[in-house]
Colleague: 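Below are the structure tokens for one structure; questions will follow.
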Amino acid sequence: MRPIWVVDDDQSIRFVLEKALAREQYPVRTFGSPKDVLRALEAGDDPQVLVSDIRMPGGSGIELLSELRTRRPGLPVIVMTAYSDLDSAVSAFQGGAFEYLPKPFDVTKAVELIRRAVDESLREQVADHGGVEAPEMLGQAPAMQDVFRAIGRLSQSNVTVLITGESGTGKELVARALHRHSPRAGGPFVAINTAAIPKDLLESELFGHERGAFTGAQAMRRGRFEQADGGTLFLDEIGDMPFDLQTRLLRVLSDGQFYRVGGHQPLKANVRVIAATHQNLEERVRQGAFREDLYHRLNVIRLRLPALRERREDIPMLVRFFLVKSARELGVEAKRITDAALARLAMFEFPGNVRQLENLCHWLTVMAPAQVVEPKDLPPELLGAAPSPAPPAAEAFAPQAAAAAAGPSAPGAGLGAATAAGAAPAPLAGVHGAHEAALPPDTTAGAPTWLTGLEREARRRLLAGEPAVWDALAQQFESGLIRTALDVTRGRRIEAALKLGIGRNTITRKIQELGLDD
């Protein structure tokens, strides 16, 4: 192992750290100024980790950090300073520091921080020697290998493909891969989300319109079928397509011809159609919401994408890939992640699948305090954190108000809608006391208050013999979550979906299904 370099103009700091690290059997080399460090680097010496003061005569630690980013980009640098101000901290992290250590510091904690940096440096050395370039699509799990093989078999075909899978599993990514490896790769790839476009506009979006076809149609417009001529048209969330438009789509798939809205001249569509849905189309057909003949026309070849919880072995690879991607997009140095943090991530269910994991990595790139992500740096919802402390009794004026003010993790938040639609709860004398007084005797000790409230409501309905208790409470629970998220984000749906860990298509669909637009 290479030595740890300590740079500080204060001889006492150098002495204390040198002795503390020597007790831990770490080789140490000390310097009194940044110039001495640069001379040692020019002589060919190389540290394992560098610990540097910020403000020193003859140069600053921030300038040294910038120089090291060029000369030794993978070197972990710990910046310490007696000036614990915001500018120093921001400058250190923007410069790519491993960690920021304010003086005076506890020597034991400083040594532990240096040990973390050494471990990370050694791990990165192994990764640099054994790393391979990320493939076009990531996935080593058997279920993903089956998808890759299917893409390969379909590469020379123009057959219609139906991609199914939960929201966030990467259906559009697979559609793009099918296009990119097909004979139509030189043509356009055009995607449209049928759930995100109002019913009145969707027909025009798909097929185009003639000038004067309707109010506001001041010029002729080509639709997505024309735009995708010679290429591939990806119809996402096909299960949400209005029933009357399904008839027009079936006609195009059958004979390859369509009319613009308000048009009389038939147009030919030289387009390969790939459709995708998170819904059970067979069930939609049974409900009369989806045409059976269109279903059979689309379901020529079906590709099912596995949920992330079905391919947990891919999570470490995906995390590292997304951390690098996020760092590149934000123009910062990529965060690294410990094996312990990866193990915690692999235990999470990820209801939002790969999209949720990518959003999480973006969050870590911005919010994780150090360059190396440890389990404690993960968001509370991934750590199984306990609910936030209850608000004081004076603030608990109504269940819905408490839920909206405290957020989904607060006591009572998950039952805001349930209590409004079900039996009215007892008056609140104090948040904890009111909940505990109303609990049935066999409630699990230590359970979160909102969960015990849910159990109490479920017990009441079940004992009363009410039908469809599952559906009723699930709808109220989802309504409460979405209403709270929309309140927190002031109605911004995409931001609300991001905070909830679901896709924007999912939140749009849920808002429609639950009648939250009203």
Side-chain angles (χ1 to χ4, degrees), residues 69 73-74 76 93-98 120 123-124 126-128 130-141 144-145 147-148 151 165-181 189 191 193 234 236 276 305-309 311-339 341-346 348 350-375 377-379 381-382 494-495 497-506:
R69 289 303 92 190
F93 282 118
Q94 286 182 342
F98 177 85
E120 179 60 25
R123 185 161 46 244
E124 287 299 305
V126 174
D128 289 343
V132 294
E133 185 178 352
E136 180 183 35
M137 289 180 64
L138 296 173
Q140 296 178 342
M144 285 304 295
Q145 292 299 315
V147 172
F148 297 159
I151 292 174
E166 296 179 8
S167 294
T169 50
K171 295 186 284 294
E172 182 171 344
L173 187 63
V174 171
R176 290 183 181 276
L178 286 168
H179 169 75
R180 189 162 48 246
H181 294 285
F189 177 89
N193 187 321
F234 176 53
D236 198 7
L305 297 191
L308 188 55
R309 60 183 174 276
R311 42 181 296 221
R312 295 181 189 274
E313 59 265 53
D314 288 340
I315 289 178
M317 181 195 309
L318 290 167
V319 167
R320 293 190 176 101
F321 174 77
F322 288 138
L323 286 175
V324 171
K325 179 183 176 185
S326 294
R328 189 181 301 118
E329 291 172 353
L330 295 171
V332 299
E333 184 180 0
K335 295 285 176 73
R336 299 177 292 278
I337 187 166
T338 64
D339 292 339
L342 286 172
R344 294 298 293 268
L345 287 177
F348 190 62
F350 285 105
N353 293 295
V354 178
R355 184 187 293 116
Q356 183 182 5
L357 181 63
E358 182 174 9
N359 291 340
L360 168 67
C361 291
H362 202 72
W363 184 91
L364 289 172
T365 299
V366 176
M367 298 301 296
Q371 279 299 112
V372 179
V373 178
E374 297 196 56
D377 301 321
L378 299 176
E381 61 266 24
L382 268 70
I494 295 179
E495 185 180 349
L498 179 64
K499 287 181 177 294
L500 289 172
I502 59 178
R504 61 181 186 274
N505 296 339
T506 301

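Please read all numbers here as calculations on a predicted model, not as lab measurements.
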Colleague: Of the non-hydrogen atoms in I337 and A341, which two are nearest, and what is the gap between them?
Modeller: CG1-CB, 3.6 Å
Colleague: Which atom pairs, donor and acceptor, lie under 3.5 Å between side-chain atoms of residues 354-361 and protein residues at least two apart or in another chain?
Modeller:
residue	atom	partner	partner atom	Å
Q356	OE1	G352	N	2.7
E358	OE2	K325	NZ	2.7
N359	ND2	R355	O	3.4

Colleague: Can you find a heavy atom in the side chain of E166 that is under 4.5 Å from one in the side chain of L308?
Modeller: no
Colleague: If you look at every heavy atom in K335 and L323, which pair is closest and at what distance?
Modeller: O-CD1, 3.6 Å
Colleague: Minimum heavy-atom separation for R311 to G139, with atom names?
Modeller: NH2-CA, 3.8 Å
Colleague: Donor-acceptor check, side chain of R309 to backbone of F348, threshold 3.5 angstrom: yes or no?
Modeller: no
Colleague: Please give me the minimum heavy-atom distance between A307 and T169, naming the atom from each residue.
Modeller: CA-CG2, 4.0 Å
Colleague: Hey, mind stepping through V319 and L364 against side-chain contact (heavy atoms from CB on, under 4.5 Å) and telling me if it holds?
Modeller: CA-CA 10 Å; V319 167; L364 289 172; 5.8 Å; no
Colleague: How close do Q371 and A334 get, counting heavy atoms only, and between which atoms?
Modeller: NE2-O, 3.4 Å
Colleague: When the ring planes of H179 and F189 are compared, do they come out parallel, tilted or perpendicular, using 30° and 60° as the limits?
Modeller: tilted
Colleague: I need the L342 CG to R344 CZ distance, nearest 0.5 Å.
Modeller: 12.5 Å
Colleague: Take M367 and D377 through the side-chain contact (heavy atoms from CB on, under 4.5 Å) test and state the conclusion after the steps.
Modeller: CA-CA 8 Å; M367 298 301 296; D377 301 321; over 6 Å; no
Colleague: With no hydrogens and no angle check, is any side-chain donor or acceptor of K171 less than 3.5 Å from a backbone partner on G165?
Modeller: yes
Colleague: Start with the C-alpha gap between I315 and F350, add the side-chain angles, then the distance that decides, and say whether side-chain contact (heavy atoms from CB on, under 4.5 Å) holds.
Modeller: CA-CA 10 Å; I315 289 178; F350 285 105; 4.2 Å; yes
Colleague: Minimum heavy-atom separation for N353 and G168, please, with both atom names.
Modeller: CB-O, 3.4 Å
Colleague: Would you compute the distance between atom CG of L318 and atom CD of E313 and round it to the nearest 0.5 angstrom?
Modeller: 10.5 Å
